[in-house]
Structures are given as C-alpha cells and as structure tokens.
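Throughout, protein chains are lettered first and strands after them, A, B, ... in sequence-line order, and every chain is numbered starting at 1.
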2 protein chains.
Amino acid sequence: MKKKVTIRDVAKHAGVSVASVSYVVNGIQKVSEETKERVQQAIAELGYQPNFAAVSLSKNRSYMIGVVMPLIEDTLAPIFKENSYYSEFISGIEYVARKNGYDFLITGVNKAEECKNWIAKRNLDGIIFLGMFPEHLHEEMKALSIPILLIDAYEEYADHFHTIRIADEEGGFLAGQHLLQKGHTKIAYVAHSENSPVDARRYIGYQRALYRGNVKEALHLTAKYSTFKEGYKIGEKLSSSDVTAVFASSDLVALGIMKALQDRGKKVPTDIAVVGFDDLTVSSYTSPELSTVRQDVFHKGSLSAQTLIDVITDRPQETKHIELPVELVVRESSNT
Amino acid sequence: MKKKVTIRDVAKHAGVSVASVSYVVNGIQKVSEETKERVQQAIAELGYQPNFAAVSLSKNRSYMIGVVMPLIEDTLAPIFKENSYYSEFISGIEYVARKNGYDFLITGVNKAEECKNWIAKRNLDGIIFLGMFPEHLHEEMKALSIPILLIDAYEEYADHFHTIRIADEEGGFLAGQHLLQKGHTKIAYVAHSENSPVDARRYIGYQRALYRGNVKEALHLTAKYSTFKEGYKIGEKLSSSDVTAVFASSDLVALGIMKALQDRGKKVPTDIAVVGFDDLTVSSYTSPELSTVRQDVFHKGSLSAQTLIDVITDRPQETKHIELPVELVVRESSNT
DNA sequence: ATGAAAGCGCTAACAA
DNA sequence: TTGTTAGCGCTTTCAT
C-alpha cells in the first residue's frame with residue numbers, strides 16, 4: 001500500500017516550495033524555466049497526481065458536471081433499459097468530459113430539494129437536465145449559481161437557461177411529407193407520450209405537411225409513455241383501423257406498433273407503412289427496418305457537454321440556445 | 001447567489017461547537033439529546049449540506065465509486081450505442097449507489113496509467129471493471145489499496161480480486177439442449193468475439209449438451225466483435241449452409257444473423273432456428289422474437305454496486321466470488 | 001521569481 | 001458531553 005504523494009513531497013523532492021509546484025501544475029507563468037523543469041522532473045519521478053478533493057475545496061470547483069435524468073418509480077432502470085437514446089447521449093458526454101479533464105455524475109432525481117442538495121454536496125460545476133424538469137425545479141435552480149443546460153425543454157421557463165434541442169417541428173414535417181409522397185391519405189398520428197412539448201412540436205410540423213397536401217388527419221392516438229409496450233397496445237388498435245400509414249413520434253412506440261401489426265398478420269409496409277422518430281440503433285435491427293427521422297444523439301450529448309464546459313469556463317452573459325438538425329431516413333417500413 | 005452554509009454557520013446558529021455539529025451529522029453518539037436536536041434544527045433552518053470535497057479530504061474517502069468500461073477507438077459510443085447491456089448494468093449501479101449515498105463515475109480507459117491516475121485524482125473508494133481488463137492493468141491495480149470488482153472476468157488473475165459472473169457454461173448448455181430437444185442435428189455455433197473467455201465458457205456448456213445428445217458440431221464461426229453488423233455478416237454465410245439451427249453466444253450477433261437470414265428469404269425458425277445469449281431488451285422487439293439465455297443485467301449491476309460498497313465498508317479479508325444464474329427463454333425464433 | 005502562510009470545510013484527537 | 005484545534009492537500013495572497 002504505497003502512500004500517496006502530495007504536493008509537499010514533490011516540493012521537497014524538487015527542492016522548491018509548494019507554491020512553485022502549484023504554479024507549475026496549474027501552468028501559471030510565475031516560475032523560471034529551470035524551476036519548472038525540476039518540478040516536472042520531480043512530478044514524473046514521484047508519479048504525482050493532484051488530489052481533486054483538495055483542489056475542489058480550495059478552488060471551489062470540482063471539475064465535475066451532473067447529469068440529471070428522469071426517474072421512473074424511483075429507478076433509472078426502465079429508461080436505460082428501453083431507451084438507448086439516453087446511453088448514446090451519455091456516451092457523448094463521456095467523450096467530451098474526458099477530453100476536457102472533467103468527470104460527470106449521473107443521478108435520477110425526484111424532488112427539487114434532492115437535486116439542489118446533490119449539487120451542493122458534490123460541488124458540481126454545471127448540470128445537464130435530460131428530458132425532465134419537475135414543475136418547480138427550475139425555480140429552485142435559478143437560485144443556484146452554476147450553469148444549467150436543459151435538453152429538449154420547450155417549457156416557457158426554459159429560456160432562462162441554456163438549451164439544446166433538435167428541429168422537432170421540421171422532423172414532423174418531413175415525416176408527414178414523406179408519407180404523403182408515398183400516396184397515403186389515411187394516416188394515423190401517434191404521440192409518444194401525454195403532454196409532451198417535444199411531441200407537440202413534432203405534431204405541429206406533421207400537421208403542416210398534411211395541410212399542404214390537403215389531407216385530413218385520419219386518426220390521432222397517444223401512447224401513455226414512450227415505450228415499446230405502449231406502442232404495441234396502440235398497434236393492436238391500429239390493426240383494425242383503415243389507415244394505411246402511421247407516424248409515431250418515437251421509434252420505440254413505432255417499433256411496438258410494427259410488432260403488433262405483424263403479430264396480427266398485417267404486412268409492413270404494404271398493408272400499413274410505419275415511420276418513427278429518433279433513429280435508435282435498434283430501429284435498423286428489425287424486419288422491416290424502420291423508417292424514421294434521425295437525430296444524432298451522440299453529437300447532441302457531446303455538444304451538450306462541450307457547451308456546458310464552455311459556459312463554466314467563460315461565464316457568458318447570455319444564455320445559449322442551440323437547435324440541431326434532423327434528417328429523414330427512409331428504410332423498409334415505409335418504402336412501398 | 002446565496003452563500004453556501006458551512007458547518008461553522010450551523011454551529012453558530014445552534015450555539016454549539018463545530019465538533020458537535022460534525023458528531024450529529026455523522027451520527028456519532030457523543031452528544032446529548034438536546035444538543036442533537038438544536039443542531040438538527042439549525043441544519044434544517046439553514047439548509048446545510050456537508051461539502052463532500054471537504055469530507056473527502058479529511059476522511060480520505062470520497063463516497064464515489066468508479067466504473068471502467070472498454071473504449072473502442074477512444075470512445076464509449078459504439079458500446080453504449082449498440083449494447084444496452086452496459087446501460088442496464090449502469091442503471092443497477094445507479095440505483096444502489098444513490099440509495100447508499102454514493103455517486104459513481106464512468107470512464108473509458110485505455111492505459112493502466114490513466115486508470116490509476118483517475119482513481120488517485122478522484123480519491124475513489126472502489127472500482128468496478130466492466131468487460132475489460134487490459135493485460136497489465138491488473139498488476140498495477142493490485143498495488144492500489146482500494147477494493148476492485150471485476151465483472152465477467154475469467155482470466156486467471158481474476159481471483160485476486162472480487163468477481164461477479166454469471167453461469168455462462170450452464171447457459172451454453174441450456175441453449176444446446178434446447179436446440180437438440182427441438183430435433184436439430186445440424187447446428188452452427190457462433191462465438192460472439194475472438195478470444196473471449198466468457199464465450200469459451202458458453203461454448204464448453206454448449207459442447208457438453210451436444211456430447212450428451214450424441215450430436216457433432218456442424219459449423220463453428222466466430223464474430224469479430226459482439227455487434228449486430230458482425231452478426232449480419234455471419235448470417236450471410238449461414239444462409240447458404242445446410243444448418244437448421246444456430247446458437248450465437250450474444251443476442252446482438254444473433255439479431256444480426258436473423259436479419260441477414262430474413263433478408264435472404266430464409267424463414268426463422270422454420271428454415272433456421274436462432275438462439276442468442278443475454279436477453280437484451282431489443283431481443284423481444286423483433287419478428288420473430290429472439291429465443292435466448294437470459295441474465296438479469298440490472299440485478300447484476302445493482303449487486304455489483306452493493307457488493308463493492310459492502311467491501312468498502314467492511315474490508316473483509318477474503319475476496320468475494322459470485323455467480324449469478326441464467327435462464328432459458330424460448331421465444332419465437334426457435335419455437336418450431 | 002520564490003516562498004510563507006492563511007484559508008477552503010470537515011474530521012477527530014485531545015483537553016476540559 | 002462539549003469545545004479547541006491540528007491536520008487533510010491544494011491555491012493564492014502577500015512578502016521577500
């Protein structure tokens with residue numbers, strides 16, 4: 001059990017003061033070239049690593065960012081298990097964080113109180129909210145002095161914070177347009193969850209496409225949650241309807257719909273075409289592969305981390321608002 | 001920007017010493033009931049939260065555990081994107097960690113050096129290695145004084161650390177047995193990656209089943225990596241072979257195989273039956289649903305966290321070795 | 001350019 | 001039982 005080497009050890013070894021070592025470590029131009037070299041030498045020889053707890057304490061900066069995710073019945077499990085969206089996003093964060101000498105903490109949070117405590121306890125430098133912002137949470141958050149980044153938030157208060165979103169409305173439009181071009185006139189829309197502002201945007205775009213094509217909405221259903229299972233239930237209903245196409249605002253729901261349809265003997269896309277939204281990895285595993293509106297989730301995650309770190313570093317006055325593009329991906333499930 | 005409240009503020013507010021506050025916070029039975037109450041009162045009124053950086057510094061304990069994952073070309077992206085196994089595992093960790101007042105850090109690591117530095121910098125209390133242990137890493141690690149938990153490691157050095165694995169061999173056996181029972185005699189085995197000790201176990205079990213049934217292995221292929229894409233390639237080869245069943249030691253590979261087979265006009269399971277291993281969430285999204293050997297990954301993750309935290313707390317002499325059960329799940333892809 | 005020392009918030013040994 | 005205080009490892013001001 002080797003004892004850990006501290007800044008003092010390095011100082012002693014190099015025959016300089018701890019201050020000088022600190023200067024070198026932090027790249028502060030206050031030391032002579034010679035001192036610098038001796039310190040670096042000593043650091044290498046001793047294998048010195050600054051203790052972040054100490055740094056955190058004295059700089060009041062932890063080099064850690066928090067990622068808050070929605071909890072379902074007290075656990076992240078369902079969300080992680082079902083929805084690769086989150087893990088892809090996380091991998092983007094991880095990549096950028098690591099490159100910048102940051103670490104990140106993930107937590108599921110129910111109450112605003114917990115969240116505040118968590119931030120205080122861990123001295124987080126910034127925080128990313130992913131897909132969920134309890135009503136009152138944002139009020140409490142404003143009081144906090146750390147940068148906050150909201151992902152996919154359309155609530156009116158979102159503008160007080162930094163935000164990153166995608167072109168949800170355009171995505172909806174693209175999906176609708178695509179289905180019209182394929183000649184469909186009886187199309188069902190399936191919302192991926194109740195009261196979702198994100199879904200609302202996608203729907204607006206979709207409606208715009210229908211309007212342009214002079215087509216009336218044939219059927220409007222809403223999945224309770226954005227899950228395969230809920231999609232399956234919807235699919236059961238759809239199988240006995242007369243629609244020839246369905247656009248679900250989430251791949252997971254679309255996948256569930258497709259499976260239900262197939263289990264009931266319907267052919268996709270010939271009997272019913274299906275289009276989803278997100279382009280999850282799994283969406284090209286199925287037969288037929290799912291047509292969808294793609295967003296680049298890894299990039300969204302990495303950009304989120306980069307943006308947050310930039311804000312932490314530069315402390316700009318204004319809040320940043322970024323919108324990422326989407327892209328229609330036509331695969332088998334709608335390609336008649 | 002509210003100033004953060006420290007232990008001193010609480011002490012002042014309650015009219016006691018910082019030591020007393022500390023005792024109360026840490027549940028050390030050294031204070032009178034009355035003092036305790038006054039302190040708790042003060043804490044509540046001020047909304048005090050201990051600063052973990054300070055705690056970490058003085059206790060030399062961070063209440064953080066590290067999770068090390070394999071990096072593919074410098075990023076976790078492919079692994080997270082493709083393989084929900086990892087995210088499910090993580091969600092198990094998150095659940096237990098949060099319940100126990102721990103946080104966890106995730107990193108992808110290439111070199112042992114980096115890993116050691118990371119642990120030192122962050123003062124991690126313990127560490128979980130998930131699916132990867134670079135050759136020499138374990139040597140370096142032994143020098144570390146923190147508990148180390150290896151997941152799915154069969155390398156000989158694994159016994160020096162705590163380990164959690166599943167009944168891989170039995171899983172292979174179950175799969176083989178199942179296929180035999182369905183009357184198959186020409187079965188292909190597909191290893192989920194090259195030189196994988198885990199795969200080797202599964203294969204041994206599988207072979208045992210064949211041996212018992214007096215059936216010779218018809219075909220043995222190896223996927224380069226455990227991915228859908230690699231599975232697809234294998235599936236293309238299989239489509240022109242004369243096997244009637246295939247057991248792939250990973251769902252991802254099995255899914256790829258199935259898709260390739262279907263794309264080539266083969267019917268699953270009537271032309272060829274397919275069985276995988278893991279029971280990923282996506283494995284029941286497909287048509288047909290994939291038969292597989294299930295492991296409970298969330299549980300594996302939560303048990304990992306719990307085990308590690310226990311070890312951190314109790315510092316037992318011996319290393320713990322846990323084997324989790326598996327279960328055959330017969331779905332459509334092998335149900336003839 | 002260099003170093004001494006105060007302080008970051010908390011714990012725990014020691015005194016009272 | 002309670003309080004005082006010396007660290008924990010590092011940063012940073014202020015002398016030198």
Side-chain angles (χ1 to χ4, degrees), chain A residues 2-40 42-43 46-64 101 117 119-125 145, chain B residues 2-40 42-43 46-64 101 117 119-125 145:
Chain A
K2 43 170 123 179
K3 234 178 102 43
K4 60 181 52 175
V5 11
T6 76
I7 198 173
R8 227 169 305 240
D9 301 324
V10 177
K12 198 170 296 171
H13 193 85
V16 300
S17 74
V18 294
S20 297
V21 177
S22 179
Y23 295 147
V24 172
V25 170
N26 293 286
I28 297 173
Q29 310 293 344
K30 270 192 160 195
V31 288
S32 67
E33 200 54 36
E34 199 214 316
T35 308
K36 188 171 164 185
E37 270 168 29
R38 288 177 49 197
V39 169
Q40 282 167 338
I43 288 178
L46 270 42
Y48 168 70
Q49 281 296 123
N51 178 327
F52 270 42
V55 175
S56 175
L57 192 55
S58 82
K59 284 222 255 211
N60 198 26
R61 206 131 141 29
S62 62
Y63 293 91
M64 292 196 294
N117 292 348
I119 294 171
K121 264 175 21 186
R122 291 295 182 187
N123 228 294
L124 301 179
D125 291 347
S145 55
Chain B
K2 43 169 120 178
K3 231 176 104 42
K4 60 181 51 175
V5 11
T6 76
I7 198 173
R8 230 170 303 247
D9 300 323
V10 176
K12 198 170 294 170
H13 193 86
V16 300
S17 75
V18 294
S20 297
V21 178
S22 179
Y23 294 146
V24 172
V25 170
N26 293 287
I28 296 174
Q29 310 293 344
K30 272 192 161 192
V31 288
S32 67
E33 200 54 36
E34 199 214 317
T35 308
K36 187 171 165 187
E37 272 169 28
R38 287 175 54 194
V39 169
Q40 282 167 339
I43 289 178
L46 269 41
Y48 168 70
Q49 281 295 123
N51 179 328
F52 270 42
V55 175
S56 175
L57 193 55
S58 81
K59 285 221 262 212
N60 198 24
R61 205 130 142 30
S62 62
Y63 293 91
M64 293 197 294
N117 292 348
I119 295 171
K121 265 175 21 186
R122 291 296 183 186
N123 228 294
L124 302 179
D125 291 347
S145 54

Between atom [atom1] in [X] and atom [atom2] in [N], what is the gap in whole Å?
X: A:Asp9; N: D:dG9; atom1: CG; atom2: P; value: 9 Å
X: A:Arg61; N: D:dT11; atom1: CZ; atom2: P; value: 12 Å
X: B:Lys12; N: C:dG9; atom1: NZ; atom2: C1'; value: 14 Å
X: A:Lys36; N: C:dA1; atom1: NZ; atom2: P; value: 12 Å
X: A:Asn123; N: C:dG9; atom1: CG; atom2: P; value: 9 Å
X: B:Glu37; N: D:dT1; atom1: CD; atom2: P; value: 15 Å
X: A:Gln29; N: C:dT2; atom1: CD; atom2: P; value: 12 Å
X: A:Glu33; N: C:dT2; atom1: CD; atom2: C1'; value: 16 Å

(message) Has B:Asn26 got a side-chain atom pairing as donor or acceptor with B:Ile28's backbone, closer than 3.5 angstrom?
(response) no
Enter the distance from [X]:[atom1] to [Y]:[atom2] here, rounded to the nearest 0.5 Å.
X: A:Ser62; Y: B:Arg122; atom1: OG; atom2: CZ; answer: 6.5 Å
X: B:Ser56; Y: A:Leu57; atom1: OG; atom2: CG; answer: 9.5 Å
X: A:Ser20; Y: A:Lys30; atom1: OG; atom2: NZ; answer: 9.5 Å

(request) Report, as a single string ordered 5' to 3', how protein heavy atoms within less than 4.0 Å touch nucleotides 10-16 of chain C: B base, S sugar-phosphate only, - not at all. (result) BSBBB--
(message) Other residues, nucleotides and ligands only: do more than 12 of their heavy atoms fall within 6.0 Å of NZ on A:Lys12?
(response) no
(message) Would you say that A:Tyr48 contacts A:Val25 through its side chain, given a criterion of any heavy-atom pair below 4.5 Å between the two side chains?
(response) yes
(request) Check whether any side-chain heavy atom of B:Asn51 lies under 4.5 Å from a side-chain heavy atom of B:Thr6, and answer yes or no. (result)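 A side-chain contact is absent here, since even the closest heavy-atom pair is not under 4.5 Å.
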(request) Could you check whether A:Ser56 gets within reach of a base, just the sugar-phosphate, or nothing at all, counting any heavy atom under 4.0 Å? (result)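 No contact at all - A:Ser56 keeps every heavy atom at 4.0 Å or more from the nucleic acid.
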(message) side chain to side chain donor-acceptor pair (under 3.5 Å) for A:Asn60 and B:Lys4? Distances and angles first, verdict last.
(response) CA-CA 11 Å; A:Asn60 198 26; B:Lys4 60 181 51 175; 3.2 Å; yes
(message) If you compare every side-chain N and O of B:Thr35 against the phosphate oxygens of D:dT1 (OP1, OP2), does one of them come in below 4.0 Å?
(response) no
(message) With each end axis built from five pairs of C1' atoms, what bend angle do you get for the helix from C:dA1-D:dT16 to C:dA16-D:dT1? Round to 10°.
(response)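 Here the local axes at opposite ends form an angle of 40°.
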(message) I want to confirm an ordering. Mapping A:Ser20 and B:Ser20 to their closest nucleotides on DNA chain D, which one lands closer to the 5' end?
(response) B:Ser20
(request) Report the residues that fulfil salt bridge (Lys or Arg N to Asp or Glu O under 4.0 Å) with B:Asp125, sequence neighbours left out, ordered by chain and then residue number. (result)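 Salt bridge (Lys or Arg N to Asp or Glu O under 4.0 Å) check on B:Asp125 returns B:Arg61.
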